[in-house]
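These numbers were taken from a predicted model, which means no experiment stands behind them.
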Amino acid sequence: MNLPEVPPARLEEEWAADKDVLASLEESGDIAHLIRPVDVSFRGEDAALDKLEADAEQLGFEVIEREEDEEGEMCLFLGCEQAADEASIRALTRKCVQIEMAYGVEYDGWGCTSEDGSDEEDTEETGQAH
């Protein structure tokens, strides 16, 4: 599937927000290279979200859920397994902005739990909100 090129200024805007989230993960003792579930969310009209939901697997995601937010907008949550280091998150963000452009939806950010390598379940969730 060919996704559109993203204007550099748009990527810089998204990556600036990502840096804050990555810093928060680091402060909580996160080991960035550990693979963990990462969720992303998109807002949009039902028809656009239907198409994205149908193509999610081809795009490397699984569908987590679809729900209406407090303002009555529909949100689609997708997930993948990956690291939370800067390069991995930059690639994820680029792909999500490309999806936004290709599907006519609004990318609403990503989130994950902090992973410290212990077998205990980490409970601190960090995410990016727009």
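For the pair I64 and L76, the minimum side-chain heavy-atom distance is 4.5 Å or more. For the pair R10/V6, a side-chain contact is recorded, criterion being any heavy-atom separation below 4.5 Å from C-beta on. No side-chain heavy atom of E86 sits under 4.5 Å from any side-chain heavy atom of W15. Looking at heavy atoms from C-beta onward, F61 lies in side-chain contact with C96 at the 4.5 angstrom threshold.
The closest donor-acceptor contact from the side chain of E68 to the backbone of E73 lies at 3.5 Å or more, if one exists at all.
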Verdict with reasoning, I99 to Y107, per side chain to side chain contact (heavy atoms under 4.5 Å, CB included): CA-CA 8 Å; I99 290 169; Y107 170 53; over 6 Å; no

Evaluation steps, side chain to side chain donor-acceptor pair (under 3.5 Å), between D116 and S118: CA-CA 6 Å; D116 65 8; S118 70; 2.8 Å; yes

Verdict with reasoning, S24 to V21, per side chain to side chain contact (heavy atoms under 4.5 Å, CB included): CA-CA 5 Å; S24 177; V21 177; 5.5 Å; no

CA sep, side-chain torsions, deciding dist, call: V38, E81, side chain to side chain contact (heavy atoms under 4.5 Å, CB included): CA-CA 6 Å; V38 177; E81 296 270 333; over 6 Å; no

Step-by-step side chain to side chain contact (heavy atoms under 4.5 Å, CB included) determination, K95 to R90: CA-CA 9 Å; K95 181 189 274 188; R90 279 181 170 255; over 6 Å; no

Test log, rule salt bridge (Lys or Arg N to Asp or Glu O under 4.0 Å), inputs R66 and D46: CA-CA 10 Å; R66 190 164 166 175; D46 282 332; 3.3 Å; yes

Side chain to side chain donor-acceptor pair (under 3.5 Å) between T113 and E115, intermediate numbers included: CA-CA 6 Å; T113 56; E115 299 289 338; 2.9 Å; yes

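Heavy atoms only, all atoms of each residue included: I89 and A83 are closest at CD1-O, 4.2 Å. When every heavy atom of A56 is checked against every heavy atom of V63, the shortest pair comes out as CB-CG2, 3.9 Å.
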